[in-house]
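Single-structure report; data block below.
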Amino acid sequence: MQNIKEIVKDPEWQKTRQQLIGQWNVRPEWCLQQLRNYIGPISSAPEHKLKIVLNYLTGTGFRTKAIKEYDKIQRLRSEITAELKRRKFSKKG
């Protein structure tokens with residue numbers, strides 16, 4: 001398993017992340033949609049994409065609620081966390 005510093009070097013993620021810079025307080029809905037577009041369907045998304053977005057959504061701007069649409073951001077985080085837990089549990093079972 002790669003660590004997060006290696007995982008986030010994914011060129012597709014870097015492109016998505018660049019598009020989000022400076023946009024959260026202007027177009028939060030658009031930003032959330034870009035993250036969902038990057039992931040694709042959560043239930044079938046590659047694990048590295050889920051981990052990248054979860055890592056991103058736990059950054060300072062999100063933890064401090066400085067970024068608007070906190071409830072919708074929290075919903076996406078919860079969906080990703082639940083999916084990662086589901087996968088971990090199904091591997092053990």
Side-chain angles (χ1 to χ4, degrees):
M1 172 59 71
Q2 293 177 302
N3 74 32
I4 197 69
K5 288 182 181 178
E6 290 300 312
I7 292 171
V8 298
K9 290 180 181 177
D10 172 42
E12 185 184 358
W13 167 245
Q14 289 301 319
K15 181 180 174 188
T16 300
R17 189 181 64 79
Q18 281 296 122
Q19 292 173 332
L20 300 175
I21 294 173
Q23 298 296 314
W24 278 101
N25 287 323
V26 182
R27 302 191 296 170
E29 296 276 348
W30 178 86
C31 290
L32 281 164
Q33 189 57 53
Q34 299 315 300
L35 292 177
R36 287 186 181 278
N37 291 347
Y38 169 73
I39 294 172
I42 289 176
S43 63
S44 60
E47 191 168 314
H48 76 277
K49 287 188 174 187
L50 296 175
K51 289 182 176 183
I52 286 170
V53 173
L54 187 60
N55 182 66
Y56 178 77
L57 291 175
T58 55
T60 304
F62 298 98
R63 283 195 314 268
T64 62
K65 300 182 186 178
I67 295 172
K68 297 175 186 171
E69 300 295 336
Y70 182 76
D71 291 343
K72 292 178 182 177
I73 292 164
Q74 185 58 42
R75 186 177 315 129
L76 179 56
R77 280 177 30 189
S78 295
E79 288 175 37
I80 293 170
T81 300
E83 178 60 22
L84 288 171
K85 285 180 182 175
R86 185 194 68 75
R87 291 180 188 191
K88 186 176 181 180
F89 181 74
S90 67
K91 283 181 186 176
K92 288 182 178 180

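A heavy-atom distance below 4.5 Å is not found between the side chains of Tyr38 and Leu20. Between Ile39 and Ile80 the shortest side-chain heavy-atom distance falls below 4.5 Å.
When all heavy atoms of Gln23 and Cys31 are compared, the pair lying nearest together is CB-SG, 3.4 Å. For the pair Val26 and Pro28, the tightest heavy-atom approach, listed with the atom from each and the gap, is C-CD, 3.5 Å. Taking every heavy atom of both residues into account, Val8 and Trp13 meet most closely at O-CD1, 3.3 Å.
Using a 4.0 Å cut-off between charged side-chain N and carboxylate O, Glu12 and Lys15 make no salt bridge. Ion pairing between Glu79 and Arg75 fails under the 4.0 Å rule for side-chain N and carboxylate O.
The NZ atom of Lys72 sits 11.0 Å away from atom CD of Gln33, with the distance rounded to the nearest 0.5 Å. The structure places NE2 of His48 at 4.5 Å from CG of Asp10, a figure rounded to the nearest 0.5 Å. With values rounded to the nearest 0.5 angstrom, Leu32 atom CG is found 6.0 Å from Leu35 atom CG.
Scanning for side-chain contact (heavy atoms from CB on, under 4.5 Å) contacts around Arg77 gives Leu54, Leu57, Thr58, Phe62, Tyr70, Ile73, Gln74, with sequence neighbours left out. Evaluation of the salt bridge (Lys or Arg N to Asp or Glu O under 4.0 Å) rule for Arg27 yields no partner, not counting sequence neighbours.
In summary, of the residues considered (Leu84, Leu76, Val53), a side-chain contact (heavy atoms from CB on, under 4.5 Å) with Ile42 occurs for Leu76 alone.
A donor-acceptor contact closer than 3.5 angstrom links the side chains of Arg17 and Gln14.
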